[in-house]
Structure formats: structure tokens, C-alpha cells
Amino acid sequence: MNRKRIFSGIRPTGEIHLGNYFGALRNWVDLMHQYDCVYGVVDYHAITTPFEAKTMPQMVFNTMAALIAVGLDAEKCMMMVQSDVPEHTELAWILSCLAPLGQMERMTQFKEKSQQDPENINLGLLAYPALMAADILIYRADVVPVGDDQVQHLELTRDLARKFNNAFGDYFPEPQPLLTPTPRIMGLDGKAKMSKTLNNHISLFEESDVLQQKIMTAVTDENRKRRNDPGNPDICNIFSLHNIYSKNDEVQMIDRECRVAGIGCVDCKKILHGHLETSIAPFRDRYKELHEKPDEVRDIAREGAKRCLPIAQETLQEVKSRLGIGKHQFV
RNA sequence: AGGCGUGUAGCUCAAUUUGGCAGAGCAGCUGACUCCAAAUCAGCAGGUUGGGGGUUCGAGUCCCUCCACGCCUGCCA
């Protein structure tokens, strides 16, 4: 049986939080059973924005450890570090020569990041989507799981694949987006999406006491000022997490009781903390264990790269051949 | 490579005519009030003034040099 191939990547920036998990990693675990999956810790993407060389190895290690800790199995999928498979960047160069400047400049993520940090706009930031296209196409992936924010980048990938196929003969599959519904995880401040830079996140590997403290100080429904005031779960940060972590009947109970002031925010938060702790604990334990046995992580990354290399090399050789490039042209 | 400009707390910016105690707002942390949180109030902390050198009793401020970023003009491929 020939399974369809998936590629997906995660940037090694900071710690993995609940938003990352529900936005991507949880899907990755499910997809591993149905597809031939390649998952990358994309360090070359990480250097398009300011970074520190001295913390980079730890970032990459932590991210790889996180993938393993949440249940990705090296027997069932390939996990690798992007820079271990240099064919990614070589293909990225080729694809960037097919990418229209105007289209790259219209990428909303590029525009956003340029606006956020106008002093750090570099060519790599502009070329980022071309590298992402290379990540996908180097494995001739059929399917790419994407969130809303990556739809435009995947569209570019498809454009580039089509453009290549038209110019140099059919070769690349046009990767299909796999839009899996993901809950939008709000940050603890109740104002924006959970993110590390806003420091409103809960780590997927949070220590128990820190977890409790973060939940207890999280923003709730601002209008519920007193214990006897009725609350509105629809706009409550904590309730949105109950939707994910609590059983259906319990969610309904909390929804009902909050609205009539039958249950207080403290009780509500305690229940959530209990579920969250139970849910996170195995991830945290495994994550710690991997930090005590770093060789296990390194072996998996090494093995992943080893399995990815022949695929990537084959693609690149074929691509170069079609472009009329490469030393084999002379022999 | 040259010219011009910018660089001060996590962020936005102050700091009197070539010099005289580095400050404010926001963010952050702590406490009070709150079922928790928010809001409010009180408090705390936050700095190699991009780096190095020089002038001076004294440099964020003046001079030299290096670095980063921006704009402009070139040079080489």
C-alpha cells in the first residue's frame, strides 16, 4: 500500500505551549497513522527573525524532545532537523528563482513581521515561503496540514509546483491543504491568541505549581465582579479551556452554573487545573525523561535525517537534471 | 567604498545655549481590594545611555574609532 506523504514543520523558538499542541502537534500524532509523515524542526526558518546562536542548539533539542514527548513515534514517522538535510535549502534557491517578487511581497506574514520589526527585514524573511515550499516539495508531499495563517504560503507552494511542472515537465504533486479544525487557544490575558512572545501562554510541559499559579491568575469574565454575579462563559478564557479539557456533561454543568452564579471562578479554575494537570503530566514526565537521556533524542533526529536524505537527494537530482544543471550533465 | 542620519529601561520617548545627580508613560513584579481575575489604589524593580578610546574637575551631550540599522551616491562581479 502506498500511503500519501505529508510534510509539516515547526520552528524551534522557545517552549511549546498549548496553542502549538492543539494547533499542530496533536494533529501530527493522528496523521502519523494514516500517512507517510515527515516532520521537521525547521531551524533555517528560525533564523529569519532575531535569534541567539548560543541558545539555538537547546531550542532545537527542546523542540525535537517535545515532538517525541507528545507521542510522535520514530517507527511511524520521520522526524528530522531541517539543516541536517541541506537539500531543503538548495531546492529553496531554485524555487526562489521561480517565485515572483510581487507575490512574495504580498504575503501577509511577511508584511506583518516587517511591520512588527521594521529593523529586521532581511531577504530570508521575504524568501521564507519559498523555503517552506522547498520543505514540502523536496519530499514530493501530497498533503500539508495547515492552519489559517499558512494557507497563503501553501498556495504559493502549489503555484511554484505548477510553474515548475509547466516549465520543466510534470514532476511535483500539487500538495493539498488538510484543514483540520483546531480550537483557537486564547492567551491567559484573554486578549490575544496564546503566544510565547506575549507571555500569555501555558507550556505543554508546565510544572504543576506554575500551572496552578498561571490558571489562578488568568483573566476571566471581567464583568463578573462578585461571587454572586452571573458570569458569561462565552467570553471566559477559562471556560474555553474547559471546552477542551473537561468532559461534555461537566462543561454543560459549568456553563449553566456560571451563568446563574452557582459556581465561582475559583472552583471553576480548580476543576480546570485538575484536568489540565492530568492531561499534561505524561507529556511533562516524558519530556523530562528525554532531557535526562538526550542521546535518545539525538538518535531519533539522526535516524530521521538518514531516512529523509535519500528522498531529498533523489528529488534534487531530478530537479537539477530537468533544469540542465549539475555535474552529471557533463559525463 | 563614500555622504547623511539614527542608536537612552522589555516598548514609546525625555534629559535647557558644546557639558553638571539618567527621567516619565506603558508593560512587568509585589501588596490592598476582589470567590479568582479585571478595574482602581499603593509600592517596588528596572540602565555598560550600541562597544572601545579620548578631552574635561565632570560626558547621554564634545572629539576619534568600531558595530548595527535606515536613506542616498558609487565600485566590483
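In what follows, chains are A, B, ... by sequence order, proteins preceding strands, each numbered from 1.
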Send over the distance from [X] [atom1] to [N] [atom2], rounded to a whole Å.
X: A:I215; N: B:C36; atom1: CD1; atom2: P; value: 17 Å
X: A:D117; N: B:G10; atom1: CG; atom2: C1'; value: 13 Å
X: A:R227; N: B:A38; atom1: CZ; atom2: C1'; value: 18 Å
X: A:I121; N: B:A68; atom1: CD1; atom2: P; value: 18 Å
X: A:L125; N: B:C69; atom1: CG; atom2: P; value: 14 Å

Heavy-atom pair with the smallest gap, counting every atom of A:E174 and A:R158: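 Looking at all heavy atoms of both residues, the closest pair is OE1-NH2, 3.6 Å.
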Candidate pair A:V219 and A:N200, rule side-chain contact (heavy atoms from CB on, under 4.5 Å), full reasoning: CA-CA 10 Å; A:V219 175; A:N200 63 2; over 6 Å; no
Sugar-phosphate, base or nothing in reach of A:D221, heavy atoms under 4.0 Å: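 A:D221: base contact, heavy atoms under 4.0 Å.
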Residues A:E318, A:R140: salt bridge by 4.0 Å N-O rule: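 Result for this pair is no, no salt bridge flagged.
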Base partner of B:G20, which must satisfy Watson-Crick or wobble distances under 3.5 Å: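 When the pairing criteria are applied, B:C57 turns out to be the nucleotide that pairs with B:G20.
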Watson-Crick or G-U wobble mate for B:C69, both contacts under 3.5 Å: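 Pairing partner, where one exists within any strand: B:G5.
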Proximity of A:F7 and A:Y39 rings by center, below 6.0 Å: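 For A:F7 and A:Y39, the ring centres are not under 6.0 Å apart.
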